[in-house]
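To start, the structure under review is shown below, and the notes come after it.
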Amino acid sequence: LLMIFSIFISLLPDIVKLGHFILKDNKFFIKYIYFHSAIQTEISWISGVIVQVIITIILLEILFWL
């Protein structure tokens, strides 16, 4: 359960960024997007998926090893 929660939290910034299509004029959301862009670099989607899969595999190995 904790691992599923952690994976969701790691994906949360990307999920929130999808709100750009709905909240284009919201000042708070625009400030968040600027903040998010300042602290995170964008990579291609395939690289992001590969990193997420690797982290998930490592967490599963740790979970079942303990």
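Position 1 is the first residue of the sequence; numbering continues from there.
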Should Phe35 and Phe28 be counted in the same cluster of Ile, Leu, Val, Met, Phe, Trp and Tyr side chains packed under 4.5 Å apart?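 No; Phe28 is not reachable from Phe35 via cluster members.
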Common cluster, Val53/Ile46, ILVMFWY with side-chain heavy-atom separation under 4.5 Å: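 Yes: a chain of side-chain contacts under 4.5 Å links Val53 to Ile46.
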Test side chain to side chain contact (heavy atoms under 4.5 Å, CB included) applied to Leu60 and Ile57, Ile62, Ile58, Thr56, the passing residue: Thr56
